[in-house]
Amino acid sequence: MGEKPAVLVVGGGVSGIQASLDLASRGIKVYLVEKSPSIGGRMAQLDKTFPTMDCSMCILAPKMIECAHHPNVQLLTYSELREVKGSVGNFAVEVLKKPRYVDETKCTGCGICSEHCPSEVPNEFDMNLGIRKAIYMPFPQAVPRVMTVDKENCINCGLCEKVCGAQAVDLEQRAEEIELDVGSIILATGFDLFDPAGLPAYGYGRYKDVITSLELERLLCASGPTGGHLVRPSDGKMPKSVAFIQCVGSRDKRLGTAYCSSICCKYSIKDAVLIKEHIPDARVNIFYIDMRAFGRGFQDFVNRAKTEYGISFIRSSPGEITQDPAEKNLILWFEDIATNSVQKLNFDLVVLCPALLPSKGNEKLAELLGIEVDKYGFFKAPNLIANPVDTTVPGIFASGYCLGPKTGDIPDSITQGSATAARVAEVLAEAS
Amino acid sequence: MEEETKIGVFICHCGVNIGGVVDVPKVTEYAKTLPNVAHAEHNLYTCSEAGLDSIKEAIKKLGLNRVIVASCTPRTHEPLFRSACKEAGLNPYLFEMANIREQCSWVHPREPERATKKAKDLVRMAVGRAKWLMPQTEPELEVKDTSLVIGAGVAGMTAALTLANQGFKVYLIEKEEEPGGIVRELYKLYPTLQDASEIVNPLIKAVKSHKKIELLTSTDVSDIGGYVGNFEVTVSGKKGERKLEVGTIIVACGALNYEPPEGLYQYGVFDRVITQQQLDNMLKKGKLEKPDRIVMIQCVGARKGEIRAYQLESFPKSDTAELLRKILKARKEEGWPYCSRICCMNAIKNAILVKSQYPDTDVVILYGDLRVYKEYEDFYTKSRENEVRFIRIMEEVPAEIGQAQGDKLKVVAYDMLVGQEVEFLADWVVLSTPLRPRKAEVLLARMLKVPISPDGFLMEAHLKLRPVDTSVDGVFLAGTASGPKDVSESIISAKAAAARAAILMANKKLKTEAITSVVDEELCIGCGLCEEICPYGAHKVVEGKSTVIEALCRGCGACSVECPQRAISMRHFGDQEILAQVEALLR
Amino acid sequence: MKSMSKTAMKEHEFEPVIVAFCCNWCAYAGADLAGTSRFEYPANVRIVRVMCSARVSPIHILSALRWGADGVVIAGCHPGDCHYVKGNFAMEKRFNFLKEVANRLGIDPARIRLEWISASEGGKFAALIRDVTTEIKSLGPSPLPKRTQEIEAAIEAYKRQRLRWIFGVSQTEAKLDEEKYRAAVDTVMKDEIERQMIIGAIKQEGPLTIREISGAINIPPDKILRHIIALRKTGVVSEAGEKEDGYLYAVL
């Protein structure tokens, strides 16, 4: 009974990364499973973080790289959890490593294959605003720094194999079933965005210039599809008027999302400020119900947004977005509470701040692990106060947004990641 | 024979963060002209894998023996680049950074020409210094496997138990006679509406009975010395003073409820104006007699002196002058400038409790922004189902409290939805006040050398990335010591702090920076000035010569400046390294 | 001046170069925070990072002035908050002496500033730089080359054990008689700087007589003689020939 058991972490976002590092740093072996080709999660998609306006990738990259290089962390990217048996101290886990058709040990990430690949596909990392090839790296700072072939969109022309200097392309590669023995499991599967197409009045999908906040982040980000230049998706014009609509799909009983997503008010202010920095003479309006900029430093942020950047906050829930047939700009209709009348304003671009939903795979994971979810589909803690990062199965813990909107923002995700590492350490100590 | 200095300079665009202001290619070309520079290139993101690979390649292929990265602040990225150098076989102390982002492009965004010139200057300074850098080895420290947790509230107890359960010894000190902190006094907690005792009592029981925890009540910290892995803490309690030797410290000293000054909303003037804490107490003791109406006022003494997040223009012009006058009056009041995060939920919880006891009582909550985040929205909905009334008022126009008949109070506020003043007769006016930092915290911060953030709480190392660490190695924060939180959040942060502390103690050893002092014995005359001036006792005069106890030296450099014989130099921050930067800049 | 174009005017505007020694834990972090908060300030300052303000020696500060800096700022943690317990107090004591030295040298002491900035004071850092830049602008360009000799002498004096010891002893717990100590400081400061100026003059012009030295550095010949006697004793200068009615002294 000498060797300490290993730990499985499902989800390579900032929360999963922090938990992995905290465990690895004290000699515990960690298998970090991530379903996409690279770790990084949502934080890697952001341009800047509130309220400090740090460049998101800049502060995340060192942690990602530490994970890649740490002797106690084994990254299993492009992989999914298939089966779990056993109990705390002794889980037998089966992980399916999907074939990326590239030999990870040989690929140098040089990208020549991608340059030559004829097949273009919308880039999921750029929220489908950008293009990638069938053989691709999701973003320039990806970890691990290797290419992946998306077989669904691959036309099997074999050009990548021919141009690869390291002979790393292996179009015959097969999926690998990896069996692991772990003492404990941490879930950090994050969130997905509510699809605003579910609220037809806002015209998402119908009008190109109605976008979600994550799409905006990609447009603002220097490593995004437009190199950080904010343009309208419909015609590439620089938007001179931008509206933010809060609570799209949140606090809505009909849609089953009666909770507040916690971070949208904060990030909308951040994005509004970023827009003003990019386009100083733009008119930016934030339409909100309650400005939930809670916690230290945020009231200051709100004030600066208003006084220094001239962003206007309108307390109203817009009813509808239509399009001017001639000018093609968007018209936002809203109720002005003060004058008790319906008003309208023109906008070049409308950004919807949608509700944050449990990750699509959560339900299946919960079933696999036998853990309970709450009525919204987030992993349920046995007691919200006393055991906030536990799940209903001993030895399985959860951190980050998969626990629900109790996770306020990045520091919360990180704190929870560390907290689950502490719980695992406790549990492993008990078991030995 | 002296090796030729070969410096590699890597200049980062950082996307547009630097490249958008500083002409990075120009700076790169300039770098190539500087003495001893064998290679210069620019990268989109030097800290990415591609960038790091570039550096490693260049070191190996070109035989670089110094590396400079001109990008962001070394305070976040130096370890990353040092690791890269190490991987390529270069001693990590032969690496230097030029801060051309936080201290250049980000502060001179409208002066690209001057920013570019400044970037060139900063690169030239780094190149000047790089020549004098020497390879260094890092001293290793022992880390004791004992921890000190200051404060035995919910956070402190959680941290202590989490560590003790992993086998570490913990001294848990508490200045009151009994552990439990603020939560012990509370009635019920949101959102579960369970008794606070259900959370606190099991913790107290566990802490008192755990073999690895030594609980010292009525004990306070009087002095803290030493450093990570080897702190020497003097505590004083009922039995007098005691010296504890610990490897890590977790600060969980909590926060206090702000008590409004006399006169604010007539607090202290009318008996029936109370705080939420006092209401909670009354409910706990069952002392609330059936009221007809309770009016709660949010953000009392919080978010003061700030503009609210709505347009003032959207109000009828005729009232503007009146409103402006009231706004100015409101600004004069004292208060804390942040949002205390928990008061909205706390008020709703108390409202629900009152309603469940007295369903007929009218409970009115006056607020500016209702910050009910997360799934607590359900709780909010529940309260509205119980007919708790929420009235949005204009906070620049604070509610006015006056005496009505008998014990009743009259409350006048400006209802934004209706657009006019409204009046209530209330049996109680309950003020929701923020959690504020303790005065004692400042003293503790001094002893620990942890900075205080602008709102008065202990400051974390990095607001986003290191929320429970402090800038002092080995010292961590749990609970409300770093800012207002609810009980669940406090517990999570306590576990996180314990996790971070456990890493140090589990590894038993820690490598520290190689910035230590070195004595040239030939020049030293044994005058002992260094011994007197060193705050860590790292210098000791032995047989007429000064010696350095490396493990104790923290690298401040005070000794080297004061030594009359100039016999002491600092590794990595020697006179040559410092003067070379200044000279490169100016000559 | 009316006929000058706006750009020409700008080119003539004096832009000072200010060196700022910032301690890693507080001031440098504060400067970083000014960056992340995007608080703008003039691009005149160049920061040199040190671990503690205690690390900054008057030699560093004077060298900066010697090489042409128009102003020097030292920024550390607030008293009581020093990451290394009391480093900033050491700096403060040194600084007070340095101001006196600057006065003696004819350098406006306003060119050297000691400030306390905490890691959370990004705004204060920016405000400080704005303030210092404006002040130095009004003082005009650096005191060089008029004061070169004096500054070089001061740098050399600061390298001498005598001056270092007399300043250094104030950093200890020694029970000094205030009056006596002050008098000693005054004497040593004056002596050492004057001696270095003598040495500097000889190095520049070659062996000189006492009268010639007095003419070069503007110090009465009797004082020069006293210094020469002391310097001879420690083997720094010695006779190197004769000239008219005096001996020539050379630096060994």
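In what follows, every chain begins at residue 1, and chains take the letters A, B, ... in the order their sequences are listed. Heavy-atom basis, side chains included; hydrogens, waters and symmetry copies ignored.
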Residue from B/Leu448, B/Leu529, B/Leu585 scoring the most non-hydrogen pairs under 4.5 Å with chain C is B/Leu529
Under 4.5 Å to a heavy atom of chain B? For C/Cys82 that would be backbone
Cut-off 4.5 Å, heavy atoms of chain B, and the answer for C/Val50 is both
Largest heavy-atom contact set with chain B, pairs under 4.5 Å, which of [options]:
{"options": "C/Tyr28, C/Tyr158, C/Trp25", "value": "C/Tyr28"}
{"options": "C/Val45, C/Ile166, C/Ile129", "value": "C/Val45"}
{"options": "C/Val19, C/Val17, C/Asn24, C/Leu163", "value": "C/Asn24"}
{"options": "C/Lys86, C/Arg160, C/Arg94", "value": "C/Arg94"}
{"options": "C/Glu40, C/Arg46, C/Met51", "value": "C/Arg46"}

Taking atom NZ of C/Lys93 as the centre, does the number of heavy atoms from other residues, nucleotides or ligands within less than 6.0 Å exceed 12?
-> yes
If one checks every heavy atom of B/Gln581 against chain C at 4.5 Å, the contacting part turns out to be side chain
[X] side chain to [Y] backbone, donor-acceptor under 3.5 Å:
{"X": "C/Arg55", "Y": "B/Phe573", "answer": "yes"}
{"X": "C/Arg164", "Y": "B/Val561", "answer": "yes"}
{"X": "B/His108", "Y": "C/Tyr41", "answer": "yes"}

Exactly one of B/Lys118, B/Lys117, B/Arg114 clears salt bridge (Lys or Arg N to Asp or Glu O under 4.0 Å) with C/Glu15, and that residue is B/Arg114
Checklist line | Between B/Asn99 and C/Arg49: side-chain donor-acceptor atoms closer than 3.5 Å | finding: no
So salt bridge (Lys or Arg N to Asp or Glu O under 4.0 Å) across residues 23-36 of chain C, not counting sequence neighbours, yields B/Arg75-C/Asp32
Between C/Arg38 and B/Glu102, is there a salt bridge with N-O shorter than 4.0 Å?
no
